[in-house]
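What follows is a short report on a single structure.
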Amino acid sequence: MKTTTEIRSDFLEFFRGKGHTIVPSAPLVPANDPTLLFTNSGMVQFKNVFLGSEKPGYVRASDVQRCLRAGGKHNDLDQVGYTARHHTFFEMLGNWSFGDYFKDDAIVWAWELLTKVWGLAPERLLVTVYQTDDEAFEIWNKKIGVPAERIVRIGDNKGAPFASDNFWQMADTGPCGPCTEIFYDHGDHIAGGPPGSPDEDGDRFIEIWNLVFMQFDRQPDGTLLPLPAPCVDTGMGLERLAAVLQGVHGNYEIDLFRHLIAAAAKYTHTDDLDNKSLRVIADHIRACSFLIVDGVLPSNDGRGYVLRRIIRRALRHGWMLGQKGVFFHKLVPALVEVMGDAYPELTAKRELVEAALAAEEERFAATLDSGMRIFDEIAARSQGVIAGADAFKLYDTYGFPADLTADIARERGLSVDMAGFEVEMEEQRRKAREAGKFGNATSMPAELAAQLAPTEFLGYDRLTDGGLQVVALLRDGVPVDEFRVGDEGVVILDRTPFYAESGGQVGDSGELDEAGTRFVVDDTQKFAGQFHGHIGRLTAGTLKRGDRVLGAVDEARRSATVLNHSATHLLHAALRRLLGDHVTQKGSLVAPDRLRFDFSHFNPLTDAELAQIERQVNADVRRNYEAEVHQMGMQEAIDFGAMALFGEKYGDRVRVLRMGEASTELCGGTHVSRTGDIGLFKIVAESGVQAGVRRIEALTGQGALDYVTQEEQRLEQAARLLGGNAGDVADKLRALLDRQKKLERELESIKAKAASGAASDLAGSAADIGGVKLVATRLEGFDAKALREAVDRLKQQLGDAVIVLAGASDGKAALVAGVNGSAVGKVKAGELLAHVAGQINGKGGGRPDMAQGGGDDGPALVQALAGVAQWVESKLV
C-alpha cells in the first residue's frame, strides 16, 4: 500500500523525469494578491504567469500545493466532518506547461502515471471531455485506448455558453479552455452514476484528476481568440488519490488521517474512531497549523478571524466528546510526524504553532461551557429557528462565530436566522462608525476634488518653501473664497512641505505666512486621499484663493516625529527577528512625543523579551545605518526584500526605506538620515489590544533621555524614603515587606484571640428563645474574618443557636449570621442577614447555616439588631 508521503514523492519524481522543474508549495496566504483570502487551488501561485506579467524561467513545472477553502467565495467549512471528501485544508498535485507541451503529452503522462506507475486498473477509470473537444476525445480513444462508452462529453450545463464543468476560465475574460477529467469507479456496491448522468452526485464515481487546456483568450463580447502559447494546468487532490491507491472509499480512512484521528481520540479520550467529531478535529489541525506557519494568528478580522473560527469549531467538537480542557495543540506533534518531511517549515515552526493554538484554546475554554449553556436555553425556546439576535448574542458575548452556531443548530435539527444576525452585525458596525465620526472631517466636495491636481509633497527634502499657491479654502467643509482673522478652516495648496497624516505618522504643524498674513497650522490631513489639507486658523491679515504663501513646518515637532517613525521600523524588524516572522504590523501611531506599535502575537511579552527587543533596537541605532530611500516598481521592491502588507494599495512605483541590514519596508513617511540620529530607544509599556494583537509604546531621542532621568529621580526618592541608596533599594524594600508580613501575622493572631475572648463573653450573655440561644450584637473594630471566627466559636459553645454579629468601622458595618443545631431548617441564615441588612442600606446572603453581608453603621444598625429576637421567635414558633 502506498503511503501518502510516498504518493507525493512518486508524483514529483515522475514529472521531474519528464523535464519539469519542481516548485515548492506557495504559502496559504497569497503573496501580493488582495483578490484572494487564501490560496485555494494549485494555479494561484502561477496566476501572473498565465496572465503574462511574470516569466518564471522554466516552461514545465510540477508541485504539491497546500490549499485552504474556509472563507470567502470558496468555503467548505460547513461540510467538513459530515462528508467523505470535504476538507478545509487539502493538498493539490499539479503539473504545468507554459506554452510548451499540450493535450497529447498531458493526457499520455496522466494515464502512464495512474496505470503504469501506480497500477490502477484501466477498466476502473473513465474520463470526461468538453462537448466540442474532439482533439481530447481522439487522444483518449485512439491513442490511449479508452473505449468510447467510457468517454463522456459534457456540454454547457450551467445556463450560459461555455458555462460547463468541463470548460475552465480564470475570470469573465482572459485565459480559458476546455478540460478533461479522470474519474475512478469505486464499484457498483456504492450508489451513484457516472458524470453527466442524473445520479452523478453519488459516491461511486469520484473525480481524481482534472487536466485544463488553456488555449483561448475570452474577449468582453464572449468570443474566443486562440492563445499564441497554449498552456496546461492540472490538479489532482492528494487525499482523494490516496484513498483510491490505499483501497478505501473515504478520505478520512487514508493513513495520514488515521494517524491524526488516533491522536485526536487519545487526547479527547474517545474510543469510537468513526466519530465525526474526530474527523473534524483531524481536518482542522492541518488547516490551523499551516495557517499559523504561514503567518496568520487568531484575531477578530480577516484571515485571523477565519483561523479563530476553525480553531473554535475544533474545540467545540472536542467539547462534544467530553473534553472540556485544552487538547487541540497536543495534536501538532502527530501532524509533524506525517507531514513534517514534506513541509520542513512545519517542523521548524512547531513550537510557534503549539503556543498559538494553546493560547487560543485557553482563551475560548473559559467561555465555551457557559456559551453552550446559553445555547441550550436559546434552543429550548427557539421553535426550530435560532433568532438572529440570539445568534449575535452568542457571537458578541461568548465568541461563537455565526457558522459555529449554525453548525451546532444543524446537529439539533434547528436553523439560524442569518438575515437577522446580519442586521444585528450591521447595527454594531453602524454604532462603531458613529463612535468614530472624525472620518468625515477629511471629505471634500466631489466637484472641487475633480478640479484640483493632487498636492505635490515637498517635505522629504525641505521643511520651508515659498510661492505655494492657495488652490482651495474650506470652512466647515464648504469651499469659500476668503478667510478673515479668526476664521478656522482648511487651506489646500498646490505644493507643500507639510506631511499629511498617513501610515501612522501624525500630520505636521507650523505656519503659512505672506505679507502680513499668518495662518497657524495645527494639523495636516489627507483630503479625498490626495490633497494635503492644512487645518488651523487665520491669526493675521486675510487669505484668499489664489494667494501665494510661505510654508514653514514646525521643525522641532517634525524632527521628534521622524525619530519615532524610523525607530518604529527598527522595532518591527527586531520583533520579527526575536519572536518570529508571524509578527506583522497591525497599526501604529508615530507622534512627536511617543510611538505606539501594534503587532500580531498571541502572548504577552516577558520582561526578558522586552529587554532583548530594546537591546536589539538600540544596537541598530548605534550601528548608525544610512536610511536609504529607493523608488522602484512593486515587484522589484519585493525582490529587494521589502515587506508589503496584505490589503495595502500600492502604485506601480513604490518608495522603499532600507536601514542597513536591520530593516527594509515600503513606506511613504519621513525618516532620519542615519539610525544614529535616533539616539536612544526606550520601551515604556507593553499591553494587549485584542486577542492576538499586542501593543508596545516607546520613546526616542530627548524624550527617552527625559524618561530615564525621571525614573532615576524616582528611584533616588524611593531610596531616601527607605533610608538607603539606589543600589540597595531592592534589599531595603524586601526587608520592609518581610516586616510588614510579620506584623500582619501578629495582628491576625491578636484578632483571633479577641474573637475568642468576645465569643466567650457573648456566650455567657446569650438570650434563650424556646431552647435556642440567641446572640445579636455589634462589635467595634471587627472585620468580616474576625466576625466569622467569632460566629464559629459561638456555634461550638452554644450548640442550638442563632447568631448575628456586626463589626463596625469607619461608618460601615460588616454582618455575619450563623445558625446551628436544632435551629437549622427553621431559621435560615441568609434570610436573617437579608432582614438585618435591608434596614441599614445594605445587602447580603449565603447558605442556610452561614451568611455574610454589610451596610451602614449607626442608630439603624442598633435598632435592627434589637429586632432580631422578635424575628427569630416568629420563625421558631
Side-chain angles (χ1 to χ4, degrees), residues 437-562 565 590-592 629 631 651 653 655 667-671:
K437 276 294 188 180
F438 181 74
N440 276 342
T442 55
S443 63
M444 63 188 298
E447 60 273 14
L448 176 61
Q451 298 169 12
L452 302 179
T455 306
E456 180 185 354
F457 179 55
L458 310 171
Y460 291 131
D461 305 315
R462 68 202 87 157
L463 296 180
T464 302
D465 203 7
L468 312 175
Q469 184 176 20
V470 178
V471 296
L473 299 169
L474 297 173
R475 187 190 299 123
D476 297 327
V478 178
V480 296
D481 292 328
E482 182 182 74
F483 281 170
R484 295 182 181 277
V485 173
D487 283 351
E488 296 183 352
V490 179
V491 179
I492 296 177
L493 306 171
D494 62 341
R495 298 170 297 125
T496 183
F498 286 76
Y499 184 84
E501 182 173 326
S502 181
Q505 180 175 333
V506 299
D508 282 334
S509 62
E511 293 181 4
L512 304 178
D513 298 287
E514 191 68 24
T517 297
R518 182 169 180 264
F519 185 87
V520 177
V521 179
D522 297 320
D523 191 14
T524 309
Q525 293 284 332
K526 280 273 184 73
F527 281 68
Q530 54 186 340
F531 307 106
H532 290 227
H534 307 77
I535 303 170
R537 65 194 181 284
L538 192 69
T539 61
T542 59
L543 188 62
K544 297 179 181 179
R545 191 160 52 88
D547 285 351
R548 300 275 178 175
V549 297
L550 172 73
V553 174
D554 182 332
E555 184 175 355
R557 187 172 185 273
R558 165 76 83 85
S559 296
T561 303
V562 159
H565 198 163
V590 181
V629 175
Q631 300 284 346
R653 303 289 294 175
R655 190 169 186 267
C667 185
T670 59
H671 289 276

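Source: prediction; values computed, not measured.
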(message) Walk me through whether Val549 and Val470 qualify under side chain to side chain contact (heavy atoms under 4.5 Å, CB included).
(response) CA-CA 8 Å; Val549 297; Val470 178; 4.3 Å; yes
Taking side chain to side chain donor-acceptor pair (under 3.5 Å) as the definition, give me every residue that meets it alongside [X], ordered by chain and number, with sequence neighbours left out.
X      : result
Ser502 : none
Thr496 : His534
Glu514 : none
Thr517 : none

(request) State, to 0.1 Å, how close Val506 and Pro592 come at their nearest heavy-atom pair, and which atoms those are. (result) CG2-CD, 3.9 Å
(message) Show the nearest heavy-atom pair for residues Leu543 and Leu473, with the distance to one decimal.
(response) O-CD1, 3.5 Å
(message) With rounding to the nearest 0.5 angstrom, report the CG to CZ distance, Leu493 to Phe498.
(response) 8.0 Å
(request) Enter the distance from Gln505:CD to His565:NE2 here, rounded to the nearest 0.5 Å. (result) 5.5 Å
(request) Taking side chain to side chain contact (heavy atoms under 4.5 Å, CB included) as the test, write out the residues that go with Ala472, two or more places apart. (result) Leu448, Leu452, Ile492
(message) So, using side chain to side chain contact (heavy atoms under 4.5 Å, CB included) as the criterion, who are the partners of Arg537 when residues are at least two apart?
(response) Glu488, Val520, Asp522, Thr539
(request) Look only at the side chain of Asp523 and the backbone of Ile535, and say whether a donor-acceptor pair between them is shorter than 3.5 Å. (result) no
(message) Whether the side chain of Glu482 engages the backbone of Thr542 through a donor-acceptor N/O pair (distance < 3.5 Å, no angle test) should be reported.
(response) no
(request) Can you run down the salt bridge (Lys or Arg N to Asp or Glu O under 4.0 Å) pairs that involve residues 465-478, sequence neighbours left out, and say none if there aren't any? (result) Arg462-Asp465, Asp465-Arg495, Arg475-Asp487
(message) Strictly by salt bridge (Lys or Arg N to Asp or Glu O under 4.0 Å), give each pair with a member in residues 549-561 just once, sequence neighbours left out.
(response) Asp508-Arg558
(request) I would like to know whether Glu501 and Thr524 meet side-chain hydrogen bond (donor to acceptor under 3.5 Å, both in side chains); could you show each step before the answer? (result) CA-CA 6 Å; Glu501 182 173 326; Thr524 309; over 6 Å; no
(message) Once salt bridge (Lys or Arg N to Asp or Glu O under 4.0 Å) is applied, do any residues pair with Arg655, and if so which ones, sequence neighbours excluded?
(response) none
(request) Can you sort out the partners of Asp481 under salt bridge (Lys or Arg N to Asp or Glu O under 4.0 Å), two or more places apart, ordered by chain and number? (result) Arg545
(message) So, using ring pair (Phe, Tyr, Trp, His ring centres under 6.0 Å) as the criterion, who are the partners of Phe457 when residues are at least two apart?
(response) Tyr460, Tyr499, His532
(request) Can you run down the ring pair (Phe, Tyr, Trp, His ring centres under 6.0 Å) pairs that involve residues 502-523, sequence neighbours left out, and say none if there aren't any? (result) none
